[in-house]
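Written below as structure tokens is the structure these notes are about.
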Amino acid sequence: MAELINFAKVSLSNVNKHNPKVSEEGGEQNQKEEPVTTITKHFHEVDPAAALASARHEFGEHGGVNMSIEASATFTVMEADILRRLCVGELGPNEDYFVYSRQFNPTVLNLGRQMAALEGTEAAYCTASGMSAITVVLLQLVGAGGHVVASQCLYGGTHALLSRFLVHACGIKTTFVDMNNIEEVRSEIRAGETKVLYVETMSNPSLVVANIPVLAAVAREKGIKLIVDNTFTPMIVSPARLGADVVVHSLSKFISGSADVIAGAICGETRLVNSLTNHQDGALMLTGPTMNAKVAFEISERLPHLALRMKEHSTRAMAYATRMKRLGLKVIYPGLPDHPHHSLLSSIGNPEYGYGGMLCLDMGTEERANNLMQHLQNVTQFGLMAVSLGYYETLMSCSGSSTSTELLPEECAKAGISPGLIRMSVGYSGTLEQRWAQFEQALVLMQQQPKKLNAEGY
């Protein structure tokens, strides 16, 4: 298959390109250049915003400052033999040729180039959703009958994928462990069977922080791959620069920022993306979770201000967490010094981006959690009761009865998900003082409510 992806040479059309001439020795007259998109994995002093800004700017077809949207499903060629060469992998994006957007689309590839720059990987491929990104990379790297060692603290959908769907669909089994207990991690890796360690940088929803450098060292020692879901912490942590082999994202969240698109991304080595898009056995090519070019354009336009947004999300979350703690509330936020992984996140995080826009508030019971959320939304307009995260408005949900319902009660307990745990994705609309006054007012009103009597009248 053709080498992926020399973005500096990617254009928007196959028209006016003729079949490359072949020399007498059987090779192309113009030797293929080495890909220029490889970004060396720096482990120190790399600002993801600077890396993103250094990536090539894709102009529009007619010189527009924004790139063009290539909304074509299929692409024409000038000579019939080119189609054959495209379909057998002799030609591809490196030579400015495209055949079908389920495999490669110029607009989607450009977003992939930006994601690779952001995460510090050789390449990236963008998909129709975060779950599709996770699914295809596991299918490709683990294979039927393989084994995964995964964190016990994961998003409910990912947990269900690993604990149920992949088991029944293709015999992939998963052992869930405390990823910060390195000896437990080591003991559960099965020689010749385990293919992947899977973890979230910051767990959903309990905000457990993974020690990525240590886990990466274990993965290298054991000859397996470390996959890290970085959805909660774009800009804040750069897992690939810390040694992770693959970084996955739900782009629907902080990276999109507007809660209006569903999208995902896989960031890793060029050979991984090549294998995923192979005509014969590529999980992306053959299952087809294709990103729409218009969605790719929308997300690409939002990446330049991601750094500013993440800083403000973090600033607001830190302020709220500090003030909630002063009120005597049980708050979980890695930016607070008493969080068990505060020092770890401080050491692996990128400077100046803070500790993230996610915090948890434990109200003890689901009833109290729901009562507070209803006051916050319907009375004081502090935020919105909704799943998902990364929006400019604050989003709130009771995790145990929403985004983590796939977990059994005992699994919730291991993951630190209590019945009254409210997950807050802290937004930045309005002023900080305005929103904090709304939060305090909701607390006061909730506390003033008459207590419900039980059956005996007490």
Side-chain angles (χ1 to χ4, degrees), residues 1-23 25-39 55-56 58-59 61 67-117 121-128 132-133 136-137 140 246 265-293 296-297 300:
M1 177 149 184
E3 187 90 8
L4 177 78
I5 300 166
N6 188 338
F7 285 103
K9 299 172 66 180
V10 168
S11 69
L12 297 178
S13 174
N14 293 336
V15 177
N16 295 328
K17 292 197 290 281
H18 296 278
N19 206 341
K21 302 300 180 183
V22 178
S23 68
E25 288 75 19
E28 293 182 14
Q29 287 182 341
N30 296 321
Q31 292 295 316
K32 185 168 62 178
E33 299 174 12
E34 287 297 314
V36 298
T37 55
T38 299
I39 301 170
R56 177 173 175 262
E58 186 76 19
F59 292 101
E61 188 173 3
M67 70 173 172
S68 298
I69 301 174
E70 185 51 81
S72 295
T74 190
F75 299 85
T76 189
V77 296
M78 295 302 292
E79 298 180 24
D81 189 56
I82 292 177
L83 283 180
R84 179 194 63 79
R85 298 184 66 188
L86 280 166
C87 290
V88 299
E90 291 179 6
L91 297 175
N94 269 355
E95 295 81 19
D96 293 352
Y97 285 95
F98 299 87
V99 62
Y100 194 59
S101 281
R102 175 156 53 85
Q103 185 183 32
F104 295 121
N105 173 282
T107 311
V108 179
L109 282 181
N110 186 64
L111 177 61
R113 177 179 60 80
Q114 291 176 297
M115 287 302 303
T121 57
E122 289 181 348
Y125 195 101
C126 296
T127 64
S132 68
V136 296
V137 79
Q140 197 73 30
V246 184
I266 302 164
C267 308
E269 293 181 336
T270 297
R271 61 183 176 181
L272 170 64
V273 179
N274 276 342
S275 70
L276 288 165
T277 54
N278 187 283
H279 279 261
Q280 304 300 323
D281 59 4
L284 273 169
M285 182 64 182
L286 299 177
T287 61
T290 307
M291 176 181 280
N292 186 290
F297 176 84
S300 178

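All of these numbers come straight from a predicted model, not from anything done at the bench.
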Grab the two heavy atoms, one from [X] and one from [Y], that are nearest each other, plus how far apart they are.
X: Gly112; Y: Ala124; result: O-CB, 3.2 Å
X: Ala123; Y: Ala116; result: C-CB, 3.7 Å
X: Thr107; Y: Phe297; result: CG2-N, 4.1 Å
X: Val136; Y: Thr287; result: CG1-OG1, 3.5 Å
X: Ala283; Y: Gln140; result: N-OE1, 2.8 Å
X: Cys126; Y: Val108; result: O-CG1, 3.9 Å

Any heavy-atom pair between the side chains of [Y] and [X] that's under 4.5 Å?
X: Ile266; Y: Val273; answer: no
X: Gln103; Y: His279; answer: yes
X: Ser275; Y: Asn278; answer: no
X: Thr74; Y: Tyr100; answer: yes

Report task. Using only heavy-atom distances, determine whether the side chains of Arg113 and Asn110 contain a donor-acceptor pair under 3.5 Å. Result ->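 There is such a pair (donor and acceptor under 3.5 Å, judged by atom type) between the side chains of Arg113 and Asn110.
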In Å, rounded to the nearest 0.5 Å, how long is the span from [atom1] of [X] to [atom2] of [Y]?
X: Glu61; Y: Glu70; atom1: CD; atom2: CD; value: 7.5 Å
X: Glu95; Y: Arg85; atom1: CD; atom2: CZ; value: 8.0 Å
X: Phe75; Y: Leu86; atom1: CZ; atom2: CG; value: 10.5 Å
X: Phe104; Y: Leu284; atom1: CZ; atom2: CG; value: 9.0 Å
X: Tyr125; Y: Thr290; atom1: OH; atom2: OG1; value: 5.5 Å
X: Ser101; Y: Leu109; atom1: OG; atom2: CG; value: 9.0 Å

Query raised in the report: Are Met285 and Gln280 close enough, and set up right, to give a side chain to side chain contact (heavy atoms under 4.5 Å, CB included), and what steps lead you there?
Result: CA-CA 8 Å; Met285 182 64 182; Gln280 304 300 323; over 6 Å; no
Query raised in the report: More than 12 foreign heavy atoms under 6.0 Å from CZ of Arg271: is that the case here?
Result: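 No, because the 6.0 Å sphere around CZ of Arg271 holds 12 heavy atoms or fewer from other groups.
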Query raised in the report: Can you check whether Thr270's main-chain N or O pairs, donor with acceptor, with Glu122's side chain at less than 3.5 Å?
Result: yes
